[in-house]
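Note on naming: letters A, B, ... go to the chains in the order of the sequence lines (proteins, then strands), and numbering restarts at 1 for each one.
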2 protein chains.
Amino acid sequence: MGSVSPNTANARPGGRAARVRSAVHRAVRELLAEEPAEALTLPVIAERAGVHPTTLYRRWRTIGELLAEVATSRFSGENGELVVPDTGSLRGDLERWTEGVVDDLTDPEGIALLRAAIGAGGFASRACMVDRHAQLAAMLDHERARGGTVPEVGRAADTLLGPLLYRAVFTDLQIGPDWVHDVVRAFLDGQRTG
Amino acid sequence: MGSVSPNTANARPGGRAARVRSAVHRAVRELLAEEPAEALTLPVIAERAGVHPTTLYRRWRTIGELLAEVATSRFSGENGELVVPDTGSLRGDLERWTEGVVDDLTDPEGIALLRAAIGAGGFASRACMVDRHAQLAAMLDHERARGGTVPEVGRAADTLLGPLLYRAVFTDLQIGPDWVHDVVRAFLDGQRTG
DNA sequence: CCCCTAAAGCAGCGATCGTTGCTTTAGTCA
DNA sequence: TGACTAAAGCAACGATCGCTGCTTTAGGGG
């Protein structure tokens with residue numbers, strides 16, 4: 001127990017570890033967009049990333065864990081900081097924000113990663129949306145601070161994220177700007193009746 | 001070329017082929033509920049089903065295709081016939097129907113199969129909901145036949161299936177009867193404003 | 001500037017996967 | 001009932017996966 005600094009909190013490198021991590025993440029995203037998730041194996045990822053397979057087996061034990069990490073980092077701010085639009089009105093914030101969500105869902109890499117994360121199990125799929133959920137809460141808080149009355153986050157997520165994700169994941173319908181606009185409008189109208 | 005009946009339309013067996021198919025389907029559903037989808041491999045399925053691996057490699061080339069078939073048969077009427085509730089009112093139909101959807105989504109086998117199908121790619125995941133979509137359309141048609149005014153199927157799917165699937169797939173929130181009730185009510189209220 | 005340690009590379013292994021040619025079984029139709 | 005054919009079983013193979021002890025590199029601290 002004598003060692004003063006066993007390098008426990010040593011993990012803030014800008015060096016090799018970070019480069020490897022970044023290369024692996026990129027390899028996963030690229031490969032997912034190119035081939036069926038079924039073919040995504042650790043050696044294949046390693047070769048694409050220019051890294052030795054052993055590294056992957058040691059740092060991430062399974063593809064599931066790696067996918068969860070990649071999904072988290074892809075669908076969240078890198079530093080854990082929430083970035084939300086602040087246009088002055090809830091409607092403006094939501095429209096700006098939904099654009100970002102739609103960008104994720106229409107990007108081939110994004111949707112492929114989302115699908116793979118869902119397939120990897122509950123943890124990974126929840127990780128994809130936890131940040132979006134927090135952003136939604138932040139925007140509702142802003143509106144509340146302005147004196148507006150807003151529904152709870154749960155209903156907002158159901159009404160906004162629900163349709164967007166449903167269409168992206170389960171249908172091949174186009175997600176056009178006007179439809180997204182309608183979704184936001186339906187949410188803002190609906191909160192009065194609820 | 002002389003052969004009169006090359007048994008092209010010979011595929012309606014109640015015999016061995018159907019038994020194997022059924023055993024394999026059940027094996028897939030069971031295994032998905034027990035272990036991570038990552039461990040789902042054709043030899044493993046074959047052993048659980050009491051069938052030789054070669055059979056799987058020949059009938060279904062990949063796990064993806066097998067998953068798509070299992071998902072289709074699990075989430076659809078076996079014979080392609082649509083079964084929808086007919087309570088006399090749209091509200092009653094929708095509440096009965098959402099119960100069925102929720103049953104699918106809260107059943108451990110059901111949600112695991114859904115997740116795996118999503119992971120298997122666009123085709124399989126779309127197959128999971130095509131029947132639900134058709135049922136929704138049928139119920140709206142019934143209401144329209146009664147003289148009621150109903151929104152289009154797309155909006156109904158967004159508003160009903162969206163929240164249900166969002167919660168089941170992306171959150172660990174409980175899906176309680178009262179919440180489901182609220183979702184249906186929100187849909188029925190919202191159609192007036194739209 | 002040099003040491004020290006965490007992380008990446010290397011080599012080699014057992015297990016299992018996916019595939020293919022052939023044989024055997026079981027349903028169907030005359 | 002007997003033949004015909006589609007489908008399942010069998011056996012053997014090459015490839016690749018996932019894992020482990022050990023060596024080498026590189027980044028950070030005294």
Side-chain angles (χ1 to χ4, degrees), chain A residues 1-28 31-32 34-69 116 119-121, chain B residues 1-28 31-32 34-69 116 119-121:
Chain A
M1 55 171 71
S3 67
V4 178
S5 81
N7 269 1
T8 306
N10 205 5
R12 195 182 342 114
R16 185 167 55 162
R19 281 200 307 274
V20 167
R21 186 187 125 105
S22 160
V24 169
H25 280 214
R26 184 154 34 82
V28 168
L31 287 168
L32 276 176
E34 294 171 13
E35 60 189 5
E38 191 175 343
L40 194 75
T41 172
L42 290 188
V44 171
I45 299 169
E47 189 184 12
R48 172 67 65 101
V51 163
H52 203 271
T54 320
T55 303
L56 301 190
Y57 286 112
R58 293 229 216 267
R59 281 186 63 163
W60 305 274
R61 189 150 292 272
T62 74
I63 303 190
E65 293 182 44
L66 175 55
L67 274 177
E69 189 186 295
Chain B
M1 55 171 70
S3 67
V4 179
S5 80
N7 269 1
T8 306
N10 204 5
R12 194 181 345 113
R16 185 166 57 162
R19 280 199 308 274
V20 167
R21 187 187 125 106
S22 160
V24 169
H25 280 214
R26 184 155 34 82
V28 169
L31 287 168
L32 276 177
E34 295 172 13
E35 60 189 6
E38 190 176 343
L40 195 75
T41 172
L42 290 189
V44 171
I45 299 170
E47 189 184 14
R48 172 66 65 100
V51 163
H52 203 271
T54 319
T55 303
L56 300 189
Y57 286 112
R58 292 229 217 267
R59 280 187 64 163
W60 304 275
R61 188 151 291 273
T62 74
I63 303 190
E65 293 182 45
L66 175 54
L67 274 177
E69 190 186 293

- Query: Can you tell me if the side-chain N/O atoms of Y57(B) get under 4.0 Å from OP1 or OP2 in dT19(C)?
  - Reply: no
- Checking dA11(D), dG18(C), dA7(D) against the side chain of R16(B) (C-beta onward), the nearest is dA7(D)
- dA8(C) phosphate, OP1 or OP2: any side-chain N/O from R19(A) under 4.0 angstrom? no
- Task: To the nearest Å, give me how far apart CG (L56(A)) and P (dG18(D)) are.
- Result: 10 Å
- Output the single nucleotide from dG9(D), dC17(D), dC17(C) whose closest atom is nearest the side chain of T55(B). dG9(D)
- Query: Can you tell me if the side-chain N/O atoms of R59(A) get under 4.0 Å from OP1 or OP2 in dA8(C)?
  - Reply: yes
- In this structure, which one of V28(A), L42(A), V24(A) forms a side chain to side chain contact (heavy atoms under 4.5 Å, CB included) with W60(A)? V24(A)
- Message: Using only modelled atom types and a 3.5 angstrom limit, is any donor from either the side chain of R58(B) or the base of dG18(C) paired with an acceptor on the other?
- Response: no
- Message: Under 4.0 Å, heavy atoms only, any strand: does V24(B) hit a base, just the sugar-phosphate, or nothing?
- Response: nothing
- Query: Do any N or O atoms from the side chain of T41(B) and from the backbone of V44(B) form a donor-acceptor pair under 3.5 angstrom?
  - Reply: no
- Value in whole Å for how far the C1' atom of dG18(D) lies from CG of L40(A): 15 Å
- Might you confirm whether atom CD of E35(A) has over 12 heavy atoms from other residues, nucleotides or ligands at distances under 6.0 Å? yes
- Is a salt bridge present between R48(B) and E34(B), judged by a nitrogen-to-oxygen distance below 4.0 Å? yes
- Is a donor-acceptor pair below 3.5 Å formed from side chain T54(B) to base dC10(D), judging by atom type as modelled? yes
- Can you tell me if R59(A) uses its side chain to pair, donor with acceptor, with the backbone of A17(A) under 3.5 Å? yes
- Which whole-number value in Å describes the distance from H52(A) NE2 to dT23(D) C1'? 12 Å
- Atom CD of E38(B) and atom P of dC17(D) are separated, to the nearest Å, by 13 Å
- Message: Expressed as a whole number of angstroms, how long is the span from L66(A):CG to dG18(D):P?
- Response: 12 Å
- Query: I45(B) CD1 to dC17(C) P: how many Å, rounded?
  - Reply: 10 Å
- Integer-rounded Å distance: dC17(C) C1' and I63(A) CD1: 14 Å
- Message: In this structure, how many angstroms lie between the P atom of dG18(D) and the CG atom of L42(A), rounded?
- Response: 5 Å
